[in-house]
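Here is the naming used below: chain letters follow the sequence lines, and residue numbers restart at 1 for every chain. In what follows, every heavy atom counts, from backbone to side chain, and hydrogens, waters and symmetry copies are set aside.
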There are 2 protein chains.
Amino acid sequence: MTLRDIEIFVTVCELKSMSAAAKKLYMSQPAVSQTISQMEGELQVRLFDRIGRKLTLTYPGEILYSYGRRILNLVKEAESTLDDVRNMRMGRLRVGASTTVGIYLLPEIIGEFRKRFSVDVYFTIDNTAGIEKLISDNSIDLGIVEGPVHSREIVVIPYIDDELYLVCSKNHRWAEKKSISPAEIENEDIIMREKGSGTREVFEETMARNNVRYRIKYVLTNTEAIKKAVEANIGVSVISRLAVEKEIRGGRLVKVDIGNIRFERKFSIIYHKDKFKSNLFEEFIRHLYNFSSNIK
Amino acid sequence: MTLRDIEIFVTVCELKSMSAAAKKLYMSQPAVSQTISQMEGELQVRLFDRIGRKLTLTYPGEILYSYGRRILNLVKEAESTLDDVRNMRMGRLRVGASTTVGIYLLPEIIGEFRKRFSVDVYFTIDNTAGIEKLISDNSIDLGIVEGPVHSREIVVIPYIDDELYLVCSKNHRWAEKKSISPAEIENEDIIMREKGSGTREVFEETMARNNVRYRIKYVLTNTEAIKKAVEANIGVSVISRLAVEKEIRGGRLVKVDIGNIRFERKFSIIYHKDKFKSNLFEEFIRHLYNFSSNIK
DNA sequence: TCAGTTTCATAATATCATATTATTTTACTA
DNA sequence: TAGTAAAATAATATGATATTATGAAACTGA
């Protein structure tokens with residue numbers, strides 16, 4: 001019994017005629033006859049009583065008619081749902097991101113995306129290595145990470161140029177100057193993320209490259225906590241512009257230049273090289289670039 | 001998309017491997033590959049991500065898998081239900097009968113039948129012409145009637161020989177004699193069914209054939225009411241043995257012979273000549289004959 | 001009642017989807 | 001890095017499912 005068989009049978013039931021069903025299905029009448037009698041043979045039940053030249057459903061016929069309609073409806077529903085997926089009227093996108101992007105950038109990006117498309121967006125935050133693993137597993141469709149990616153099977157495309165800013169409280173003595181020499185930092189209390197974080201890595205590497213000594217007095221794993229501590233003038237810190245732009249604009253934190261030292265890094269979009277790029281996937285990447293051009 | 005396609009797709013989903021699915025379905029691996037990629041072409045969605053040589057379902061793939069299982073389950077359920085019908089584990093039988101048989105015989109027959117088979121039995125009582133019409137319509141599967149059937153398209157097979165008994169109250173003067181001469185009936189008050197009833201037809205026809213005059217004093221359309229009236233000695237009546245056997249055995253009514261006059265008729269089983277005789281149908285006819293041999 | 005029409009069934013044949021085998025490409029494994 | 005295994009591709013074979021042609025039965029209307 002095929003779906004075609006069921007479709008033919010249901011049509012015959014509804015039109016109470018094989019010829020009429022044949023016409024409706026744009027096929028010959030004998031094809032319909034054959035299909036019905038073949039079904040009767042396979043199922044070993046009579047589906048129609050042929051009384052005169054009138055067809056009436058037998059009891060098993062009525063049962064099959066009821067099931068047949070349910071089956072065809074389910075198939076139609078499945079096809080139309082897939083069509084919705086194809087046209088992005090529904091869908092699923094699993095995104096992963098490393099900490100900074102995940103907390104300060106992606107929530108808004110995803111929010112905007114969901115305004116445009118009513119799709120489910122799953123969102124995971126982990127460090128770069130964790131996101132890389134999830135991509136390899138095909139547990140997420142796409143990632144945005146700060147660190148370098150090692151797997152050869154992962155496509156890496158540049159996304160946003162990030163920069164870490166040296167920030168201090170508006171009550172700090174640097175707040176007026178807005179610019180210091182590298183030497184001035186040496187005796188300052190610095191609040192910093194823990195070892196292993198991308199932010200700290202960039203900070204230490206840049207400082208070393210410029211031969212600037214420094215003193216990390218407080219270690220906090222949470223960027224928000226660091227911001228609060230800096231605002232309270234407990235120390236200064238070096239934080240991604242994504243995390244502090246709002247506070248700088250609001251005057252609660254002040255960005256301070258250190259000669260011409262800049263703490264730079266790149267965020268990358270990553271995905272598996274064999275990943276099939278669905279319409280939704282491509283649309284999301286376009287969305288990412290549109291969004292980034294607004295914040296540059 | 002055919003049921004076969006869905007079956008193949010679902011198997012691949014469950015085994016997460018095309019080769020394994022091919023093995024399980026006793027078919028070649030390329031056939032599976034082709035089916036899947038053809039489905040992807042038709043539905044215009046990617047169903048699997050081929051990452052390395054591992055298959056993982058895409059989002060549309062997961063949707064189709066869920067629908068696919070529901071569809072296959074429904075098909076299986078339909079087939080097994082039809083199998084139940086074929087094996088008489090369920091079914092439907094629509095029976096019609098004319099008044100006397102319908103009231104005094106069929107309820108018990110159907111009750112016994114339902115003890116043997118858990119099937120739905122629909123039961124209609126009408127006069128012979130009405131039952132004949134329902135057979136022609138295929139509104140009922142089988143009828144039991146007393147009168148003659150006219151349509152050439154209806155098969156009539158003899159069922160039970162019925163006889164009408166002249167009955168009187170145990171307090172009637174005939175109750176002792178149990179036999180009278182035809183002439184004795186002429187001055188007796190007779191209670192009788194209405195014109196057009198099979199019972200009255202046989203009564204009048206037999207009386208006329210034997211040149212016996214009679215006087216119908218009371219007309220009642222309901223046989224039970226007639227029995228009560230006779231019991232109350234309001235008059236005598238002529239009633240099918242099926243309707244009065246119990247009362248005669250109980251002594252509440254007395255059967256009286258009128259010389260050697262007998263009111264005889266036949267009940268017939270009727271069905272449409274083109275009717276497909278399902279197992280249940282045949283079984284019911286066997287059941288009817290078994291039952292009748294108990295009451296003869 | 002009987003020709004004309006309609007409906008379903010059957011038979012012979014054609015077509016096309018769906019299988020098969022053979023082979024290539026790619027990736028995992030020892 | 002060879003060996004193995006999985007999926008994809010290509011060419012071909014097979015068989016189910018169409019088609020046309022025709023027949024039988026039954027309804028319709030003069």
Side-chain angles (χ1 to χ4, degrees), chain A residues 1-9 11-43 46-58 61 135-138 151-155 272-276, chain B residues 1-43 46-58 61 136-138 151-155 272-276:
Chain A
M1 195 166 57
T2 68
L3 284 177
R4 179 68 172 162
D5 289 344
I6 296 173
E7 188 188 3
I8 291 170
F9 170 72
T11 307
V12 173
C13 291
E14 281 166 359
L15 300 177
K16 299 178 202 317
S17 154
M18 303 217 195
S19 319
K23 195 169 288 176
K24 184 173 183 191
L25 297 169
Y26 303 104
M27 63 194 292
S28 68
Q29 166 269 313
V32 175
S33 284
Q34 274 173 233
T35 301
I36 299 297
S37 56
Q38 184 192 311
M39 288 174 82
E40 289 179 329
E42 272 175 21
L43 298 168
R46 181 62 72 109
L47 296 171
F48 292 101
D49 271 315
R50 283 81 162 166
I51 292 205
R53 71 187 194 194
K54 191 177 286 177
L55 296 178
T56 53
L57 275 172
T58 60
I135 292 283
S136 295
D137 280 6
N138 195 26
S151 168
R152 291 290 297 155
E153 69 192 350
I154 290 178
V155 176
H272 198 286
K273 75 176 168 58
D274 294 337
K275 182 76 185 174
F276 176 74
Chain B
M1 194 166 58
T2 68
L3 285 177
R4 179 65 170 164
D5 289 342
I6 296 173
E7 188 187 4
I8 291 170
F9 171 72
V10 164
T11 307
V12 173
C13 290
E14 280 165 0
L15 299 177
K16 299 178 203 315
S17 153
M18 303 218 193
S19 320
K23 195 169 287 174
K24 184 173 183 191
L25 296 169
Y26 302 105
M27 63 195 292
S28 67
Q29 167 266 316
V32 174
S33 284
Q34 275 175 229
T35 301
I36 300 297
S37 55
Q38 183 193 310
M39 288 174 81
E40 290 179 328
E42 274 175 19
L43 298 168
R46 181 61 72 107
L47 296 171
F48 292 100
D49 271 315
R50 284 81 163 166
I51 291 208
R53 71 188 196 195
K54 191 177 287 176
L55 296 177
T56 52
L57 275 172
T58 60
S136 293
D137 280 5
N138 195 27
S151 168
R152 291 291 297 156
E153 69 192 350
I154 290 179
V155 176
H272 198 287
K273 76 176 169 55
D274 294 337
K275 182 77 187 173
F276 176 75

Nearest-Å distance, [atom1] ([X]) to [atom2] ([N])?
X	N	atom1	atom2	result
A:K16	C:dT7	NZ	P	15 Å
A:R50	C:dA9	CZ	C1'	9 Å
A:Q34	C:dA14	CD	P	15 Å
A:L47	C:dA9	CG	C1'	16 Å

Which atom names give the shortest non-hydrogen contact between [X] and [Y], and what distance separates them?
X	Y	result
A:I6	B:L3	CD1-CD1, 4.4 Å
B:M1	B:E42	N-OE1, 3.1 Å
A:H272	A:V155	C-CG2, 4.5 Å

- Are side-chain heavy atoms of A:R4 and A:I8 found at a separation under 4.5 Å?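 A:R4 reaches A:I8 side chain to side chain.
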
Rounded to the nearest 0.5 Å, how far does [atom2] of [Y] lie from [atom1] of [X]?
X	Y	atom1	atom2	answer
A:Q38	A:L43	CD	CG	10.0 Å
A:T56	B:F276	OG1	CZ	13.0 Å
A:D49	A:L55	CG	CG	9.5 Å
B:I154	B:K275	CD1	NZ	12.0 Å
A:F9	A:L57	CZ	CG	5.5 Å

Between B:T58 and B:F48, does the side-chain contact (heavy atoms from CB on, under 4.5 Å) criterion hold? Intermediate values first, please.
CA-CA 5 Å; B:T58 60; B:F48 292 100; 5.6 Å; no

message: For a quick check of understanding: with a heavy-atom distance under 4.0 Å over all strands, which category does B:Q38 fall into, base, sugar-phosphate or nothing?
response: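 Answer is sugar-phosphate: B:Q38 comes under 4.0 Å of backbone atoms only.
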
Would the distance check show the side chain of B:D5 and the main-chain N or O of B:T35 forming a donor-acceptor pair, the cut-off being under 3.5 Å?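 Side chain of B:D5 to backbone of B:T35: no pair is present.
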
Check: With distance as the sole test, does B:E153 use its side chain to make a donor-acceptor pair with the main-chain N or O of B:S136 at under 3.5 Å?
Finding: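 Not a single qualifying donor-acceptor pair exists.
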
Between A:R50 and B:D274, is a salt bridge (Lys or Arg N to Asp or Glu O under 4.0 Å) present by the stated rule, with each step listed? CA-CA 7 Å; A:R50 283 81 162 166; B:D274 294 337; over 6 Å; no

End axis versus end axis in the helix from C:dT1-D:dA30 to C:dA30-D:dT1, the angle rounded to 10°, five pairs used at each terminus: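 About 30°, once rounded to a multiple of 10°.
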
Q. First contact, last contact: which nucleotides of DNA chain D are these for chain B, 5' to 3', heavy-atom distance under 4.0 Å?
A.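 Range of nucleotides touched by chain B: D:dA5 to D:dA26.
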
- Task: Please work out which residues in residues 17-32 of chain A have a non-hydrogen atom less than 4.0 Å from an atom of DNA chain C and list them by number.
- Result: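 Residues of residues 17-32 of chain A that come under 4.0 Å of DNA chain C are, in numerical order, A:S17, A:M18, A:S19, A:Q29, A:P30.
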
>> What residues from residues 1-12 of chain B pass a heavy-atom cutoff of under 4.0 Å to DNA chain C?
In response: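 Result for residues 1-12 of chain B: B:T2, B:R4, sorted by number.
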
Heavy-atom contacts, protein to nucleotides 24-30 of chain C, under 4.0 Å, summarised as B (base), S (sugar-phosphate only) or - (none) per nt, yield ---BS--

Contacts under 3.5 angstrom, residues 12-27 of chain A side chains, donor-acceptor by atom type, not counting sequence neighbours:
residue: A:E14; atom: OE2; partner: A:Y65; partner atom: OH; Å: 2.8
residue: A:S17; atom: OG; partner: A:S19; partner atom: N; Å: 3.3
residue: A:S17; atom: OG; partner: A:A20; partner atom: N; Å: 2.9

